[in-house]
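Here the structure is laid out as structure tokens; the discussion comes afterwards.
In this text the structure is predicted, and so the values were computed from the model without any measurement. Per chain, numbering begins at 1; letters A, B, ... match sequence-line order.
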2 protein chains.
Amino acid sequence: MLSKKAKYAIKALVYLGHENHKSPVLISQIAQNENIPQKFLEAILLTLKKEGILDSKKGRGGGYFVVKPLEEISFAEILRIFDGPIALLPCVTHDYYKQCEECKDEATCGIRKVFLQLRNITVKHLKDATIMNVVLDESDK
Amino acid sequence: MLSKKAKYAIKALVYLGHENHKSPVLISQIAQNENIPQKFLEAILLTLKKEGILDSKKGRGGGYFVVKPLEEISFAEILRIFDGPIALLPCVTHDYYKQCEECKDEATCGIRKVFLQLRNITVKHLKDATIMNVVLDESDK
DNA sequence: AATAAACTCTACTAAACTACTAGAGTTATA
DNA sequence: TATAACTCTAGTAGTTTAGTAGAGTTTATT
């Protein structure tokens, strides 16, 4: 399952995506509209800022806004930031590769093959899913 | 990531799959060959027995053996037993469905759509991956 | 210059989960 | 009847999750 952090992050980004090109949005406004505990959301938005996806303006009239193009923010990126690797086994991750401790021969491991393919399918799906796509999709309704 | 329980369960089943049609296999033998802590493995095999996948014989000359046909034991089944739902959001699971607490309208939720498709892809892949397939695949080498 | 709105940062915490271990109990066969 | 082997109940250290509390900093406006 996704962590709440990852889920809230995606919700906040989609919300900001809908509000795009307007003035900075208050944390409190996002929290209220998306039913997210405000203090918890603060930490999440801060992380997204450190990652270069959001930026913020302090003081009166401040708030958060998206700086990375919406079509370049994928679900894969968000999941990796908050929940770590997408793969289900350490031996099939790209960025965090680690051998399975108990494994004897990775090359002939039939289990690995299954999870390697699954990882590839999953990553492709989650890279194609961008915030922009969700915003456009929801605007059609 | 998979839990160790799920990973060990699959490893043990593949091991038993290779040994099929012979006499019951000792827990200690599986543990040694697959580098799994024995006491931990005991609990895992017990669960698999309760699920009707394995059976055991007590006493001298006893051990574990597979009773469910190898081609009917899928990775999806094992993951569900040990790690719960395969879907990444509660609102897209089949067996454990729960509405996302903070969600306003499931029908128009663009995020849900992404994870629903992903769930379907993933479940299909993990249902096609059976212990039999892995055993056959590994025997080719 | 003062005020207040708004983001920033550090620290803490309860609850749940993970990956085990210990040890006593039961069963079946040689 | 000895013993090999599975069964079952507890417990536990460490980690992660999903938060909360509260003081600090920045900046637009009056």
Side-chain angles (χ1 to χ4, degrees), chain A residues 1-12 16 23-32 34-51 53-67 79 81-85 88-90 96 98 100-102, chain B residues 1-12 16 23-32 34-51 53-67 79 81-85 88-90 96 98 100-102:
Chain A
M1 287 274 169
L2 273 199
S3 70
K4 295 264 183 164
K5 275 191 182 175
K7 186 159 64 157
Y8 292 162
I10 292 173
K11 291 221 161 198
L16 288 170
S23 39
V25 179
L26 298 185
I27 296 179
S28 59
Q29 185 185 334
I30 306 173
Q32 269 178 38
E34 299 297 327
N35 285 315
I36 303 171
Q38 178 164 342
K39 272 298 200 177
F40 197 38
L41 182 58
E42 285 178 19
I44 293 166
L45 298 184
L46 215 47
T47 301
L48 290 173
K49 181 180 174 180
K50 285 201 188 95
E51 295 288 333
I53 294 169
L54 297 180
D55 203 355
S56 64
K57 218 184 138 191
K58 278 186 178 178
R60 202 179 252 185
Y64 274 94
F65 49 94
V66 189
V67 283
L79 292 215
I81 290 170
F82 292 100
D83 293 351
L88 292 180
L89 289 182
Y96 300 80
K98 242 192 87 192
C100 292
E101 298 134 26
E102 75 288 345
Chain B
M1 287 275 169
L2 273 201
S3 70
K4 296 262 183 162
K5 274 190 182 175
K7 185 159 65 157
Y8 292 161
I10 292 173
K11 291 220 160 199
L16 287 170
S23 40
V25 180
L26 298 185
I27 296 178
S28 59
Q29 186 185 335
I30 307 172
Q32 269 177 38
E34 299 297 326
N35 285 315
I36 302 171
Q38 178 163 341
K39 272 298 200 179
F40 196 38
L41 182 59
E42 284 180 19
I44 294 166
L45 298 184
L46 215 47
T47 301
L48 290 173
K49 182 181 173 179
K50 286 202 186 94
E51 295 288 334
I53 295 169
L54 297 181
D55 202 357
S56 64
K57 219 183 137 191
K58 279 185 178 178
R60 201 180 253 184
Y64 275 95
F65 48 94
V66 188
V67 282
L79 292 215
I81 291 171
F82 292 101
D83 293 351
L88 292 179
L89 289 182
Y96 300 82
K98 244 192 84 191
C100 292
E101 298 132 26
E102 76 288 345

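Distance CD1 (I44(A)) to C1' (dT8(C)): 15 Å, rounded to an integer number of Å. Atom CG of L41(B) is separated from atom P of dA5(D) by 15 Å (rounded to the nearest Å). Whole-Å rounding puts the M1(A) CE to dA18(D) P distance at 12 Å. Between F65(B) atom CZ and dA5(D) atom C1' there is a gap of 13 Å when expressed in whole angstrom units. Distance, L46(B) CG to dT26(C) C1': 13 Å, rounded to whole Å. Atom-to-atom, CZ of F82(A) to P of dG19(D) comes out at 14 Å; the value is rounded to the nearest Å. As rounded to whole Å, 10 Å separates atom P of dA18(D) from atom CG of L2(A). One interatomic measurement links the two molecules: CG of D83(B) to P of dC17(C), which rounds to 12 Å at whole-angstrom precision.
Taking side-chain N and O atoms only, Y8(B) has a distance below 4.0 Å to OP1 or OP2 of dC20(C).
For the atom pair CG (D83(A)) and CE (M1(B)), the distance works out to 11.5 Å, reported to the nearest 0.5 Å.
Each of dC9(C), dA18(D), dT29(C) was ranked by its minimum atom distance to the side chain of E42(A); first place goes to dC9(C). Distances from the side chain of K39(B) to the nucleotides dA24(C), dA4(C), dC9(C) place dA24(C) closest. Listed nucleotides dA18(D), dC6(D), dT27(D) differ in distance to K58(A); the shortest reach to its side chain belongs to dT27(D). Between dC6(D), dG19(D), dT8(C), one nucleotide has an atom nearer to the side chain of F40(A) than all others, and that is dG19(D). The side chain of P37(A) lies closest to dG19(D) when the candidates are dC20(C), dG19(D), dT8(C). Checking dT21(C), dC9(C), dT8(C) against every side-chain atom of K50(A), the shortest atom distance belongs to dC9(C).
In this structure, S3(A) and G63(B) both approach DNA chain D, and ranking their closest nucleotides by distance from the 5' end singles out G63(B). Of the residues near DNA chain C, S56(A) and Q38(B), the one whose nearest nucleotide (by heavy atom distance) lies more toward the 5' end is S56(A).
Nearest heavy-atom pair, P24(A) versus G61(A), reported as atom, atom and distance to 0.1 Å: CG-O, 4.0 Å. Nearest approach of A12(A) to L41(A), heavy atoms of both residues: CB-CD1, 4.2 Å.
As judged by a 4.0 angstrom heavy-atom cut-off over every strand, I27(B) is placed among residues touching the sugar-phosphate backbone only. Contacts of L45(B) with the nucleic acid, taken as non-hydrogen atoms under 4.0 Å apart, are absent. Backbone-only engagement by K49(A) is indicated by non-hydrogen atom pairs under 4.0 Å involving sugar-phosphate atoms exclusively.
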Atom pairs and distances, donor-acceptor, side-chain atoms in residues 43-51 of chain A, under 3.5 Å, two or more places apart:
residue, atom, partner, partner atom, Å
T47(A), OG1, A43(A), O, 3.1
K49(A), NZ, S56(A), OG, 2.9

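Between E101(B) and K4(A) there is a salt bridge, with a side-chain nitrogen of the basic residue lying less than 4.0 Å from a carboxylate oxygen of the acidic one.
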